[in-house]
Amino acid sequence: MDLGKNSSRSEFKIIKSFSIEIVNKTYEHLKIEQKIYRLWEKSGFFNPDKLPNSRKRKPFCIIMPPPNANAPLHIGHGVFVALEDLMIRYQRMKGKRALWLPGTDHAGFETQVVFEKEMEKQGKSVLEMNREEFYKAVWDYTQKNKKIVKNQLKLLGASCDWSREKFTLDKDIQKIVYETLKKLWQDGLLYRGKRIVNYCPKHKTAFSELEVKYKEEKGILYFVRYKIKEQKNKWITVATTRPETIPGDSAIAVNPKDKRYQKFVGKVVIEPITKREIPVIADKEVDINFGTGALKITPAHDALDFEIGQRHKLEIRETLNFDGYFNELAGPFAGLNVFEARKKSTQILQANGSLEKEKKEYIHQVSHCYKCNSIIEPMLMDQWFVAMTKPILGKNKSLRDLAVEAVENKKIRIIPSRFEKVFFHWLDNIKDWNISRQIRWGIPIPGYHCQHCQKFFIETEKIPKRCIYCQSKNIQKDTDVLDTWFSSGQWPFATLMSFKGPRSKDFKTFYPTEVMETGWDILFFWVARMIIFGIYCTGKIPFKVVYLHGLVRDKDRQKMSKSKGNVIDPLAVVETYGADALRMALIIGNTAGNDIVISEDKIRGYRNFANKIWNASRFVSMNLKDFDGQKPLLSPKDKKILNGLRKTEKKVTKYLDNYQFSLAGESLYHYFWHIFADQIIEEMKKRIKADEDKKQAQYILYIILGDCLKMLHPFMPFVTEAVWQKLPQYTPKKNQKNNLLIVSPWP
RNA sequence: GGGCAGUUAGCUCAGUUGGUCAGAGCGCAUGACUUACAUUCAUGAGGUCAUAGGUUCGAGUCCUAUACUGCCCACCA
């Protein structure tokens, strides 16, 4: 089938019905943008298969970072649209088979939180819904938002291939995610284990390390005496910020080299709240110089303590329940929450003479839930973990090593390069990844627990009837879901692999993709995981370049947030100033890795620029009516003028190839406005009026405007295409296909 | 505790291999309804490129130190 021919027929019709007149003195984006978008959509050129000579083109692919399908887009999304669409349009014009693959993310935990808030607002209770009802309700909610997001992306001018749109919960995507889970399981990299995890008592789920934010807080350091058994007036003093966990203590640990305490090692002390007898042990992890040098060990409620506890086979006392209240094991604290128990503990300790002193104004780091700011409780839980540093079965490399190698060997380049250091540092200290979430929205973990032999196993293809170890029928399905990043981490290959039919070649054609353009704030959450999974699952890197953009700030450099009331709604901007103005404002002054400052003034400035393009084009259009399109003999002076254009073209192209988008945009802006409009047009105006070398003047205007429209198109696609369509000199004869600026060749 | 970034005109920021790099937008001042554009045009004011040293024929641009600002990472109880 000749796709090009088909599309050219439909174009012709559209152009005839394209009714915007270039006689208007002002560029009216509202009347034009949506029509232009429809024109592009009907051309089919967003789909790389339908580009002219598609087969001969070299592939160029960007996978869109899927926006969360739980809310409309915010200004940060505008940044990625502006940058990615710029790259895609540029490469398309350079003759590449450009694919920008769109999609949305179910965003597990994030969406569940947003949805619950929304329900609360409507006075509905999510607790009344059972698991299925809840899932269905959130599903509908995301479907609704997906539509909104899609429409917004179109309003921003995103030239992505909607026929390849994906959602992280699509059946075919989930299937691939499960295959990865199975592979990890078979390679011995997925395990279920009881570990200390970061637990948010409010959201009632565990998190990975990344969802925890440490904040400096003032607290009290309590110095508590543990009496040595059967020795009068002898004790070890321990410094702790959490006296409420004393009933969970299993030992007191000291450093084996600590001369002060060597004599006590092996002795027994009395824990001062419930008066249990616990041993004094020696462990090298204890810091001699901190506090008193003696550490109380609470294996169930502290990560280091758990480790030490494991080493010394200490009793694990889980005194705190998952609802945030203490249980009977906590003795007098049973039924209290953490703060009540802390208060009570100081009273008891004071009363029985165990509280030596308090250091108030003690500043320490406290972990908080990144979402609700609740204090994270380290809790013991059975969770699924991905082993990041364990060698992959049959190889001498770990998942971590795969990512380190790819960046070290320059197979993947991170822009700006300083983030490579950050990347390595994170990987050097990486921990096993907890991928279980105790929430209802997300991809269920196909994990099973045998009630008979107490073992866990993964079964992705079918629902198992028996335990794979002991054949017992008494097995229970896991109720946890996967961390969202587990699925989005597979996005580049999962999307491309998921297609059937003629598109089953997509993976082969477009993978590895070219660029991953996203915010630096999700370098660990997402980019690192995509690199790891990409290489682990396919043997190839997922993308060659990582371009990290900054966060959008307001003109006072404040982060935008709804609570501060300084958010800019990108679609409101599009409505007022046009998508082109917003996009240009987001590109100019925006350099990799640095935050972006945007203000209404700036956007207005580029709206004016769009108008400038419109009017300069009007002028050229008016003065080219009798232009025959032939190249006349040019004077040296005229050649010099065109030479200036060539120089600008070279410069802009170089900047774009080097990912210096801001400089490219600025150069174009300056050339178009202050060289072309202010100087060249003014001079040619005089010549045309005086009929002095008029043909040459017309030719110069024709060439420069044409090339400028092309170069400006990836930055400001709507106004440039609108003008292009209105100038018959640029839109070739009916029998030629490529009369859209979107596919005209880059100068 | 470790690490990173920033400090350039009133404001917000560009300036990647050291030599038209002292810039842009907005703002400001003055003038202009010049038939492409008042969402415009012309002209102009302004910065010892944080500070102190150093390398160099030559440094916002490289090195060292200092100061302030912001950010990231970390199991110091």
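Chain letters run A, B, ... following the sequence lines, proteins first, then strands; residues in each count from 1. Predicted model, so just to flag it, every value in this text is computed and none were measured.
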- Query: Between A/Lys25 and B/rU35, does any side-chain N or O lie under 4.0 Å from OP1 or OP2?
  - Reply: no

>> With a cut-off of less than 4.0 Å, is there a side-chain N or O of A/Asn594 near OP1 or OP2 of B/rA14?
In response: yes

What is the ring orientation for [X] with [Y], classed by angle as parallel under 30°, tilted 30 to 60°, or perpendicular over 60°?
X	Y	answer
A/His674	A/Tyr669	perpendicular
A/Phe207	A/Tyr370	perpendicular
A/Trp520	A/Phe419	parallel
A/Tyr699	A/Tyr702	tilted
A/His364	A/Tyr362	tilted

Under 4.0 Å between any heavy atoms, over every strand shown, what does [X] touch: base, sugar-phosphate, or nothing? Just pick one.
X	value
A/Gly605	nothing
A/Lys296	nothing
A/Val286	base
A/His674	sugar-phosphate
A/Tyr362	sugar-phosphate
A/Asp302	nothing
A/Gln365	base
A/Lys686	nothing
A/Ala677	base
A/Tyr214	sugar-phosphate
A/Lys689	nothing
A/Thr591	sugar-phosphate
A/Arg607	base
A/Ala239	base

chi for B/rG60 classified (syn = within 90 degrees of 0, anti otherwise) as syn

Taking the minimum atom-to-atom distance to the side chain of [X], which one of [options] wins?
X	options	answer
A/Asp678	B/rC73, B/rC41, B/rC71	B/rC41
A/Leu295	B/rA36, B/rA77, B/rC75	B/rA77
A/Arg618	B/rA5, B/rC71, B/rA36	B/rA36

Fill in: Carboxylate-amine/guanidinium proximity below 4.0 Å for A/Arg242 and A/Glu377
yes

[atom1]-based separation of [M] from [N] [nearest Å]:
N	M	atom1	answer
B/rU12	B/rG27	P	15 Å
B/rG15	B/rG54	C1'	24 Å
B/rA22	B/rC49	P	13 Å

- So, A/Asp657 and A/Tyr90: side-chain donor and acceptor under 3.5 Å apart, yes or no? yes

Exercise for review: Go through the N and O atoms of the side chain of A/Lys602 and the base of B/rC26, and report whether any donor-acceptor pair is under 3.5 Å.
Suggested key: no

**Asked** Is there a donor on the side chain of A/Glu682 or the base of B/rA42 sitting less than 3.5 Å from an acceptor on the other?
**Response** no

Sorted by number, residues from residues 656-672 of chain A placing a heavy atom under 4.0 Å from RNA chain B are A/Gln660, A/Leu663, A/Glu666, A/Tyr669

